[in-house]
Structures are given as C-alpha cells and as structure tokens.
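A quick write-up on the structure given underneath.
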Amino acid sequence: MKYDVLVIAGTTESRQVIEKLLRENPKERILASVATELGKEMLLEYGIDIHVGRLDYDGFLTLFEENPCRKIIDASHPFARIVSETVKKAAQTAGILYERYERRNLQYSYEGIVHVKDVQEAISLLNELEGNIFLTTGVNTAAAYMAGVKGGADRLFIRVLDNVSSLEGCAEAGYQKDHVFGKMPPFTVEDNVKLIKETKAEVLVSKDSGKTGGVDIKVEACRQTGIKMILIDRPR
C-alpha cells in the first residue's frame with residue numbers, strides 16, 4: 001500500500017504529529033513505525049497502520065520498498081541519534097523527503113545543574129562525588145553506570161518503566177532489588193522529591209529530554225531537596 005507519510009514514532013511528539021496530520025487532512029494515509037509493542041499501544045486510537053520492530057539501515061530500505069511513502073517525519077526520541085541517522089541515510093538512498101521533528105529545548109536556571117556530553121562523562125563526574133545516586137536515565141544505560149561507577153552496587157538507585165524487560169534488565173546489570181523502582185510516568189515534583197529522600201540521593205542523573213521527559217519537574221525536585229543534578233545534553 002502507498003502512504004502519504006511515514007512517521008517514525010514512539011514519543012509524545014509523534015502522537016502530536018499524527019494528530020496534526022489527521023486534523024489537517026483526515027484522508028491522509030499514514031504509516032507509523034515503532035520499535036516496541038508499547039509504542040504500538042500508544043497509537044492504536046488513531047486507526048492508522050503501524051509497523052512494529054527495531055530496524056537497521058537495510059530494514060528501513062525494505063520498509064520503504066514494501067510501503068512506498070511520499071514523506072518521512074522523524075519524531076523519534078531526541079536521544080535516539082543512531083535511529084535518526086539511520087532513517088535519514090535510508091531516506092536519502094530511497095529518494096524520500098525526510099523531516100526531523102525536534103523537541104523544544106528548555107533553559108534551566110538551577111545552579112546545581114552540571115551539564116555533561118554523554119554517559120561516560122557523567123560516570124567520570126559521579127566518581128568524583130560521594131553519596132547515593134538517583135538515576136532517571138532508563139534501563140538502556142543501566143549496565144554502563146553499574147560497571148563504571150565506583151561502589152555502584154551500593155550507591156546506585158534507578159527508576160525505570162514498570163515492565164518485565166526493564167526490571168529484568170536492572171537485575172541482570174547487578175542492581176539490588178530494593179534499589180530499583182518500577183514506575184510509570186508522568187511524575188510530579190512530589191514523586192521525585194519522595195524518591196530522592198527515600199534513596200538519600202546526593203545527586204540525580206537525567207538526560208535532557210525536555211519538558212516531555214519531565215526534566216523541568218526533576219530540576220524543581222533537585223532544587224527543593226538541594227541536591228546536585230547531572231544533565232546529559234542532547235546529541236547534536
């Protein structure tokens with residue numbers, strides 16, 4: 001089947017893109033590509049076609065060939081750099097117009113924030129600090145922190161999505177069971193303050209995923225508790 005637009009989805013922004021497309025042209029033929037079943041569930045209400053599965057360069061080329069489209073709108077997560085690079089390269093090869101939907105940047109005024117460029121720089125900084133660490137960076141980098149942070153088994157506490165794969169991923173990485181908090185967003189300032197106090201954290205680590213990622217809420221929680229915040233900047 002031919003489509004007007006292929007949306008690289010799985011984020012709140014992708015839902016906004018799809019809603020805008022359907023609002024402006026209800027007859028628009030839209031295909032969404034998501035990595036997981038959870039991403040699919042987010043889009044079921046729109047009644048559009050959905051492709052589920054993680055794709056590499058060849059996989060995207062096959063998807064484009066089997067589902068020809070006029071335009072691709074990449075609304076993936078701002079930290080999904082490899083995904084965006086892969087989609088863009090495949091789109092150029094296939095001769096399809098590619099657009100990137102950028103998440104709005106916020107400016108944070110809290111003086112306790114330290115900006116770092118990536119996970120390894122965050123780990124290096126954590127090894128210069130003392131006290132417990134509250135990670136809000138997800139399960140994908142959980143193993144890297146456990147392997148890199150000195151005394152990580154005792155110091156690291158992590159909040160991840162409350163699903164089997166995330167919880168099992170933390171266990172496999174070596175996190176103590178009572179150091180893992182399976183929760184589902186959105187989170188309030190009070191939710192973050194509660195976990196900061198419960199874990200006796202001296203520093204919170206977050207990716208700069210913007211308002212959609214609840215970073216402004218985390219900043220305020222750090223401000224209220226007076227702890228440091230390590231903020232990993234978005235990939236350029």
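Nothing here was measured: the structure is a model prediction, and the numbers come from that model.
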Which pair of heavy atoms, one from [X] and one from [Y], lies closest together, and at what distance?
| X | Y | answer |
| --- | --- | --- |
| Tyr145 | Ala122 | OH-CB, 4.0 Å |
| Met229 | Val219 | SD-CG2, 3.6 Å |
| Leu156 | His179 | O-ND1, 2.9 Å |
| Ser206 | Lys218 | OG-NZ, 3.2 Å |
| Ile227 | Glu202 | CB-O, 3.4 Å |
| Ala75 | Val17 | CB-CG2, 4.3 Å |

For [X], I'd like to know if atom [atom1] has over 12 heavy atoms of other residues, nucleotides or ligands within 6.0 Å.
| X | atom1 | answer |
| --- | --- | --- |
| Lys207 | NZ | yes |
| Leu129 | CG | yes |
| Asp216 | CG | yes |
| Glu45 | CD | yes |

Sidechain-backbone polar pair: [X] side chain, [Y] backbone, donor-acceptor under 3.5 Å:
| X | Y | answer |
| --- | --- | --- |
| Glu13 | Glu102 | no |
| Ser84 | Arg81 | no |
| Arg155 | Gly131 | yes |
| Asp4 | Arg29 | yes |
| Ser166 | Asp162 | no |
| Arg159 | Phe181 | no |
| Arg100 | Ser76 | yes |

Is Val205 reachable from Val116 through a run of I, L, V, M, F, W or Y residues, each pair having side-chain heavy atoms under 4.5 Å apart? yes
Could you measure the distance from the [atom1] atom of [X] to the [atom2] atom of [Y]? Nearest 0.5 Å is fine.
| X | Y | atom1 | atom2 | result |
| --- | --- | --- | --- | --- |
| Ser33 | Arg54 | OG | CZ | 11.0 Å |
| Ile158 | Thr141 | CD1 | OG1 | 6.5 Å |
| Ile18 | Ile30 | CD1 | CD1 | 6.0 Å |
| Thr137 | Ile232 | OG1 | CD1 | 6.0 Å |
| Met146 | Tyr175 | CE | OH | 4.5 Å |

Val114 and Val203: side chain to side chain contact (heavy atoms under 4.5 Å, CB included), yes or no, with the steps? CA-CA 10 Å; Val114 179; Val203 58; over 6 Å; no
Could you tell me whether the side chains of [X] and [Y] share a donor-acceptor contact shorter than 3.5 Å?
| X | Y | answer |
| --- | --- | --- |
| Ser124 | Asn127 | no |
| Thr93 | Tyr57 | yes |
| Thr199 | Asn132 | no |

State which residue, out of Arg70, Lys2, Arg23, fulfils the salt bridge (charged side-chain N to carboxylate O under 4.0 Å, His left out) condition with Glu28. Arg70
Heavy-atom check, side chain of [X] versus side chain of [Y], under 4.5 Å:
| X | Y | value |
| --- | --- | --- |
| Phe157 | Lys200 | no |
| Leu231 | Val215 | yes |
| Phe187 | Thr136 | no |
| Val193 | Thr188 | no |
| Cys69 | Leu31 | no |
| Val34 | Thr36 | no |
| Phe60 | Ile8 | yes |
| Met184 | Leu161 | yes |

As a quick check of understanding, evaluate side chain to side chain contact (heavy atoms under 4.5 Å, CB included) for Leu135 and Val160, giving each step before the final call. CA-CA 9 Å; Leu135 298 175; Val160 294; over 6 Å; no
Quick test of your reading of the model: are Arg223 and Glu220 salt-bridged, counting only N-O distances below 4.0 Å? yes
I would like to know whether Ile133 and Val149 meet side chain to side chain contact (heavy atoms under 4.5 Å, CB included); could you show each step before the answer? CA-CA 10 Å; Ile133 301 158; Val149 174; 3.8 Å; yes
